[in-house]
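One-based numbering along the sequence shown. Every heavy atom of this structure was used, including side-chain atoms; hydrogens, water molecules and symmetry mates were not. Order of appearance sets the numbers: ligands from 1, and atoms from 1 within every ligand.
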Amino acid sequence: MSKPEIIVYSSTGCPHCEKVKAALKDWGFEYEERNASIHKEYFDQLRERKIMGTPATLINDKLVLGFQEKKLKRLLGITDEQAAAAAAQNAAKAKADAAPEKEETAADSDGIFKPVTADVLNEVYDLVTIGGGPAGASAAVYAARGKLKTLVIDKAPKAGTLAITHKIANYPGVREELTGLELLTRMQAQAKDFGAEFVRSNVLSVDFTEEIKKINIAEGTIQAKSVFIGVGAKAPSSKITGEEEFTGRGVSYCSTCDAAFYQDRVVAVVGDNEEAIHEAEVLSKYCKTVKLLIPLAQVKGDADLSVLESKPNVEIYKRYRLKEIQGTDSVEKIVILDDQKAQQTWDVDGVFLYLGGMMPGTDFLKDAVNRDDEGYIIVDDYLRTNVDGVFAGGDARRTPIKQAVLSAADGAIAALSAEQHVNKRSKLRPQYS
Ligand SMILES: Cc1cc2nc3c(=O)[nH]c(=O)nc-3n(C[C@H](O)[C@H](O)[C@H](O)COP(=O)(O)OP(=O)(O)OC[C@H]3O[C@@H](n4cnc5c(N)ncnc54)[C@H](O)[C@@H]3O)c2cc1C
């Protein structure tokens, strides 16, 4: 089969662009990258095709907007099995090239994650962390340094919130240009140096009813004296009518990636959280008009509308709900329900959606620990859940702001709490020396 011609139109700071590029690389395909934030000609090429967002991937001139894994595979002519086999082969090759002296058969190119073996299933770990993001990795650093036999399980080490972050904006001590994945790999490597093990697998369910906790994965059951849940939070998947059809053609989720496409245009921003307000503020620097639709009477948490109230090109609509997105080639109108529940149709060029905010990925826990009505795990100051020996933190618990540094701090607290639990100490033992 001849090699497909692949062009990825990307933008700086675009997490989904990183996902497309990583997938193509994993599956063994070469591509030409055209960064539309840096090169105006690429930006113009997208505009000519009426594309108003990145990533936009052309495979033999067939277009994929956003990160659509299934469509990418279909156009590349590969099955799920072929993609997985190619990814494993490339990971093994990358590892062999990087460190030929090491013997491990890693499931990941950085050599940190390994497959689940019989040894892993036969062990009773002191601490198992579910999730290897900054929360889980930091917990592993502290736990392993505290001499706990530590295992980190992660289903997709390159797809967590930090891992897909293109550029670290703020993390204490990080002054240079660094991707989220590079920062995360440093944390994981540090934990591994202290003796923590990392496996790649999806935790399907848990049983915390006995002293030795059971964590069920496809390969079997992992046993632990204590567990830290650091599974992060992601955007929910329920879609508005028209959302999927117009993604990349007027529907966007990222002003950093796509604001430039809406210079002097009219956009709607839909959401009630800090992110929506921040994004509306960024868009107000580019757009003729920004219409902010807030579904309820109030914004959430600490979100502060005052930054927008003084901007002449921002209109704020409280109790307005987005019902439908309409258009032909790209977004042209939105149908909304106003504060009197009357339907109105507005002309807009784009819609930026920050609707559900982030939802914690905790459904697999069912009733094993107490969660609030949005699925956030309920913990105390020591990050203890209602179950003895089970801790949670990072984006999976309700925090005023979601930041890697806070997740890492949670991991540290939880690991020290776990150490206290496993070694039956009366107090937390700090690691000063
Ligand atoms: C675009 C963007 C830019 C950002 N920039 C910054 C920044 O500059 N500085 C900063 O401090 N913060 C930044 N953040 C926020 C930061 O990335 C998050 O707050 C942080 O990553 C949360 O860490 P976590 O460990 O709780 O979750 P995550 O980083 O999401 O990690 C959770 C991990 O759990 C795994 N997992 C989930 N479910 C399961 C399961 N069932 N079984 C096994 N594994 C599972 C996932 O694969 C994932 O690897 C940014 C966020 C975004 C979206």
Side-chain angles (χ1 to χ4, degrees), residues 11-19 108 112-113 116 128-141 151-185 187-188 191 198-206 215-219 222 227-235 253-257 273-275 278-279 282 354 357-366 368 375-377 379 383 391-412 414:
S11 58
T12 306
C14 158
H16 281 100
C17 302
E18 295 307 312
K19 279 191 168 184
D108 208 288
I112 289 172
F113 285 83
V116 177
V128 167
T129 103
I130 307 176
S138 166
V141 168
L151 178 76
V152 178
I153 311 172
D154 199 300
K155 63 177 176 184
K158 289 183 180 172
T161 312
L162 187 64
I164 63 164
T165 298
H166 180 76
K167 183 170 168 267
I168 294 297
N170 42 27
Y171 191 90
V174 174
R175 297 170 70 204
E176 72 275 37
E177 280 243 337
L178 200 68
T179 66
L181 188 59
E182 284 166 335
L183 175 62
L184 186 56
T185 306
M187 296 182 196
Q188 293 166 345
F198 288 75
V199 291
R200 184 172 182 157
S201 193
N202 188 3
V203 174
L204 304 170
S205 62
V206 294
I215 298 156
N216 300 314
I217 56 176
E219 296 87 342
I222 288 175
V227 177
F228 173 63
I229 306 162
V231 289
K234 289 208 157 170
Y253 308 90
C254 171
S255 70
T256 317
C257 316
N273 48 24
E274 271 189 298
E275 190 185 12
H278 171 73
E279 298 282 271
V282 174
Y354 307 97
M358 307 285 269
M359 297 287 276
T362 56
D363 285 351
F364 72 96
L365 294 168
K366 301 216 164 60
Y376 287 103
I377 302 166
V379 288
L383 302 183
F391 308 86
D395 285 2
R397 75 172 175 113
R398 194 177 287 281
T399 50
I401 189 154
K402 295 189 186 342
Q403 284 286 283
V405 67
L406 300 182
S407 295
D410 277 5

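Judged by distance alone, the side chain of N202 and the main-chain N or O of L204 form no donor-acceptor pair under 3.5 Å. Under the 3.5 Å distance criterion, the side-chain polar atoms of Q188 are left unmatched by any main-chain donor or acceptor of I112. The backbone N or O of C14 sits nowhere less than 3.5 Å from a side-chain atom of S11 that would complete a donor-acceptor pair. Proximity of a side-chain donor or acceptor of E219 to a complementary backbone N or O of V116 within less than 3.5 Å is not detected. Between the side chain of D154 and the main chain of G132, a donor-acceptor pair closer than 3.5 Å is present.
Annotation: V203 places an N or O atom under 3.5 Å from an N or O atom of ligand 1; distance criterion only. Annotation: S407 places an N or O atom under 3.5 Å from an N or O atom of ligand 1; distance criterion only. Taking any N or O of I130, backbone or side chain, none lies under 3.5 Å from an N or O belonging to ligand 1. On a distance-only criterion, G393 and ligand 1 share no N/O pair closer than 3.5 Å. Taking any N or O of A135, backbone or side chain, at least one lies under 3.5 Å from an N or O belonging to ligand 1.
Contact annotation: for A137 versus ligand 1, there are no heavy atoms closer than 4.0 Å. Contacts of N170 with ligand 1, taken as heavy-atom pairs under 4.0 Å, involve both backbone and side chain.
Looking at T161, D154, V174 and measuring to atom 30 (O) of ligand 1, the nearest heavy atom belongs to T161. Checking G230, G131, A156 against atom 32 (C) of ligand 1, the nearest heavy atom belongs to G230. Ranked by closest heavy atom to atom 29 (O) of ligand 1, the top entry among P134, G232, C14 is P134.
Within the structure, the closest approach of C254 to ligand 1 does not fall below 4.0 Å when heavy atoms are considered. Ligand 1 is never approached by A163 to a heavy-atom distance shorter than 4.0 Å. Using a non-hydrogen distance threshold of 4.0 Å, G361 does not register as a contact of ligand 1.
At least one side-chain heavy atom of L183 sits under 4.5 Å from a side-chain heavy atom of Y171.
Rounding to the nearest 0.5 Å gives a distance of 9.0 Å between CD1 of I215 and CZ of F364. We find the OG1-CD1 distance between T129 and I153 to be 7.5 Å, quoted to the nearest 0.5 Å.
In summary, the atoms of ligand 1 found under 4.0 Å from a heavy atom of I153, numbered by their order in the structure, are 43 (C), 44 (N). If you number the atoms of ligand 1 from 1 as listed, the ones under 4.0 Å from a heavy atom of I168 come out as 8 (O).
Taking the ring centroids of F198 and F113, they lie under the 6.0 Å cut-off.
Residues R397 and D410 are paired through a salt bridge, judged by an N-O separation under 4.0 Å between the basic side chain and the carboxylate.
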